[in-house]
Amino acid sequence: MLRHTLAISRHLKTTTAVTGINTYFIRGLSSTSSWTSDFTSATEHICSDVSFTESANILRELCKKDLVKGTDIIDAPHRFFEAHRILARHATAAGPGFWVRFTVHYNLFAGTILAVGNDEQVAQLARYQDEGLLGCFALTEKLAGVQSGLVVRTTAVWDQENGRFVLHTPDEGARKNWISQGFTADKAVVIADLTVNNERVGPHAFVMDFRRDGELVAGISVDDMGTKTAGNDLDNAWIHFDNVEVDRDAMLSKYANINERGEYELIHKDVRPFDMIGQRLYTGRICVAQAALEYRRRLFEQTKEYANNKKIFSFKGERVLADIPQLSAIFRENDESMKRIDQFVKSCELKLSDSIRSGSPPSNELVEAIATCKVKAVEESIDTCFRLKNEVGSFALMGESGFGNMDFLQACKFAEGDSRILMQKLARDRLKQFAAAAKRNPLKTMFGAVEGFSDDEKRLCKTLGKSMGAAIKAGVDKQRAWDDEWETVYELANAVIERVLMTHDTHASASESSSNVDKAA
């Protein structure tokens with residue numbers, strides 16, 4: 001039935017030039033217009049001047065309303081993403097706290113169970129929802145955070161004699177760090193490095209009771225990460241596991257499990273479980289990109305309304321603050337750039353939704369595009385909102401202006417993959433692709449055009465490769481050679497981002513031309 005539905009969806013899919021919205025999405029919106037109203041109404045009183053517990057209880061009650069389900073990433077992706085967009089518009093007044101709490105529960109916790117859990121584990125999501133049970137997602141560690149890259153040192157050892165897994169934090173550096181909802185969650189998805197019969201088989205996900213009747217499970221300890229500049233209605237904790245035993249069915253086992261003989265086995269030989277866990281980072285990156293854009297949109301709306309009504313001195317006639325040239329210029333610039341990045345992010349959302357619904361990993365091109373949309377949307381929003389703050393005068397100091405919660409954008413910067421880490425990956429992948437092209441056809445790579453590469457990408461890959469090659473030849477280790485060229489690395493990443501956006505713009509323009517021809521006919 002699902003395949004039949006997907007086939008119909010693919011057959012009916014069309015794309016409009018301006019928005020990139022396919023017919024599936026349009027049908028989804030039309031069928032959920034009442035849902036949008038209901039969800040907006042249910043979340044209109046979100047605020048930040050509450051305790052951890054009060055904020056968590058607000059989410060518990062929202063879960064029980066069943067407006068967003070743990071399975072919506074697959075069953076109703078338009079609703080999943082729209083819920084994130086609606087909540088992000090509260091951020092100018094309420095900061096990042098509740099938005100982060102929501103996405104941790106629905107995207108990271110529930111989404112990981114959905115991605116790598118078996119049918120029975122996925123079915124439990126409905127019970128969690130009915131009972132208002134909240135989850136956290138324990139991945140990042142003290143020595144492996146958003147800046148240092150993803151390394152998992154928390155261990156999970158299969159105890160054959162007892163038929164259980166033992167989760168353990170070997171040292172302070174392996175503590176789970178900055179875990180949102182860590183003080184209030186009832187459940188947890190924990191990513192740990194699994195060892196079975198003395199053989200390490202890599203990071204795997206486990207779903208476990210984190211608290212029972214409000215009390216931490218024995219062997220788990222937590223502490224507060226401290227007061228933040230924004231979002232203090234959200235609890236952030238470090239977590240330490242001291243030989244915590246969990247049942248065999250705690251391992252999320254859609255793609256791998258421990259068989260009846262106590263042996264580790266891959267159910268799908270060509271799929272690594274950790275790769276599927278990573279898909280939550282892809283949905284998260286789109287959610288973060290959209291959140292940054294919604295915050296920016298709301299901030300500009302509020303500021304523009306003020307500027308259009310704030311009268312200023314004029315030698316002749318009436319003038320308002322919005323007439324000041326530098327302010328009117330940034331309003332125009334924002335309108336133009338928002339239109340471009342909105343279209344691009346929406347395109348990524350639709351393509352990823354199709355990939356998730358089909359059960360296939362996203363293509364390399366889509367992974368690159370998702371990284372691009374996250375970095376571009378967030379970094380451009382930070383820059384544009386900061387410049388707006390500097391041009392609008394004393395309004396930016398007012399409590400209700402929205403500027404006081406600009407650290408929402410800072411949270412977006414490092415959430416679901418720090419922008420700098422993503423940029424390094426974009427540059428590293430592009431350099432590898434250039435090296436492979438050079439190996440196939442060295443003369444063309446040196447003197448001619450390289451298929452799929454912009455001129456800037458080609459120039460920067462040659463420069464970076466030459467500099468690193470000389471350094472390595474002189475005895476410098478590879479990582480140091482890479483770090484020494486950090487400015488060129490980020491310049492290359494920006495060239496990749498611009499090429500990806502330009503490719504999208506070209507396709508959108510061609511689609512618009514085709515649409516106009518069809519209308520004329």
Side-chain angles (χ1 to χ4, degrees), residues 2-3 5-7 9-10 13 15 20-22 24-25 28 71-81 84 103 106-108 110-117 122 137 139 149-150 191 203 205 252 254-256 268-291 341 343-378 415-419 421-430 432-433 452 493 496-497 499-501 503-504 507-508:
L2 176 59
R3 286 181 185 169
T5 303
L6 287 171
S9 174
R10 292 191 192 101
K13 187 184 295 183
T15 302
I21 299 177
N22 59 30
Y24 160 73
F25 182 74
T71 56
D72 276 354
I73 293 177
I74 290 178
D75 296 339
H78 54 277
R79 191 161 61 194
F80 168 83
F81 286 112
H84 282 82
T103 199
Y106 277 103
N107 181 54
L108 296 179
T112 300
I113 294 173
L114 195 61
V116 294
V122 170
F137 182 70
L139 170 60
L150 183 55
I191 311 301
L252 295 176
K254 181 177 182 178
Y255 296 100
H268 300 276
K269 303 297 183 184
D270 57 341
V271 178
R272 295 188 308 167
F274 194 67
D275 291 339
M276 302 309 292
I277 295 170
Q279 288 211 31
R280 296 292 66 76
L281 298 179
Y282 301 142
T283 49
R285 283 167 191 166
I286 290 177
C287 287
V288 168
Q290 292 174 334
I341 193 65
Q343 292 173 11
F344 179 65
V345 173
K346 174 54 66 181
S347 172
C348 290
E349 175 194 326
L350 296 173
K351 290 175 182 176
L352 182 60
S353 295
D354 283 346
S355 173
I356 292 172
R357 287 170 66 87
S358 70
S360 60
S363 66
N364 291 335
E365 291 78 12
L366 181 54
V367 171
E368 181 181 65
I370 290 170
T372 293
C373 84
K374 195 269 184 180
V375 173
K376 184 67 173 178
V378 172
E416 318 304 10
D418 181 83
S419 293
I421 295 294
L422 291 179
M423 292 175 75
Q424 288 203 39
K425 185 179 187 308
L426 289 172
R428 186 177 288 109
D429 288 349
R430 205 55 173 158
K432 288 180 180 177
Q433 292 162 5
V496 173
I497 288 169
R499 187 256 310 159
V500 171
L501 285 168
T503 300
H504 173 266
H507 289 164

side-chain contact (heavy atoms from CB on, under 4.5 Å) between Ile356 and Tyr282, intermediate numbers included: CA-CA 10 Å; Ile356 292 172; Tyr282 301 142; over 6 Å; no
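Side chain of Lys351 to backbone of Ala369: no donor-acceptor contact under 3.5 angstrom is found. A donor-acceptor pair is defined here as one N or O able to donate and one able to accept, closer than 3.5 Å; such a pair exists between the side chain of His84 and the backbone of Phe80.
In this structure, Phe81 CZ and Lys346 NZ are separated by 8.0 Å, a value rounded to the nearest 0.5 Å. With rounding to the nearest 0.5 Å, the separation of SG in Cys287 from CG in Leu108 is 9.0 Å. Interatomic distance, Leu352 CG to Ser347 OG, rounded to the nearest 0.5 Å: 11.0 Å. To the nearest 0.5 angstrom, Arg357 atom CZ is 7.5 Å from Asp75 atom CG. If you take CG on Asp72 and NE2 on His78, they are separated by 8.0 Å, rounding to the nearest 0.5 Å. Atoms OG1 and CZ, on Thr103 and Phe137 in that order, are 11.0 Å from each other to the nearest 0.5 Å.
Partners of Thr372 under the side chain to side chain donor-acceptor pair (under 3.5 Å) rule, at least two apart in sequence or in another chain, do not exist in this structure. Applying the salt bridge (charged side-chain N to carboxylate O under 4.0 Å, His left out) criterion to Arg430, with sequence neighbours excluded, gives Glu457. Every residue meeting the ring pair (Phe, Tyr, Trp, His ring centres under 6.0 Å) condition with Tyr255, not counting sequence neighbours, appears here in chain and number order: His268. The side chain to side chain donor-acceptor pair (under 3.5 Å) test applied to Lys425 returns Asp429, not counting sequence neighbours. Ser355 is linked by a side chain to side chain donor-acceptor pair (under 3.5 Å) to nothing, counting only residues two or more places apart in sequence or in another chain. When the side chain to side chain donor-acceptor pair (under 3.5 Å) test is applied to Glu368, the partners found at least two apart in sequence or on another chain are Arg499.
Nearest approach of Val122 to Gly117, heavy atoms of both residues: CG2-O, 3.9 Å. Nearest heavy atom pair, residue Lys254 against residue Leu114, reads NZ-O, 4.4 Å. Closest heavy-atom contact between Lys374 and Leu422: CD-CD1, 3.8 Å. Residues Ile113 and Leu252 share a closest heavy-atom pair of CA-CD1, 4.1 Å. Between Leu281 and Glu416, the closest heavy-atom pair is CD2-OE1, 3.6 Å. Looking at every heavy atom in both residues, Lys376 comes nearest to Ile341 through CG-CD1, 3.6 Å.
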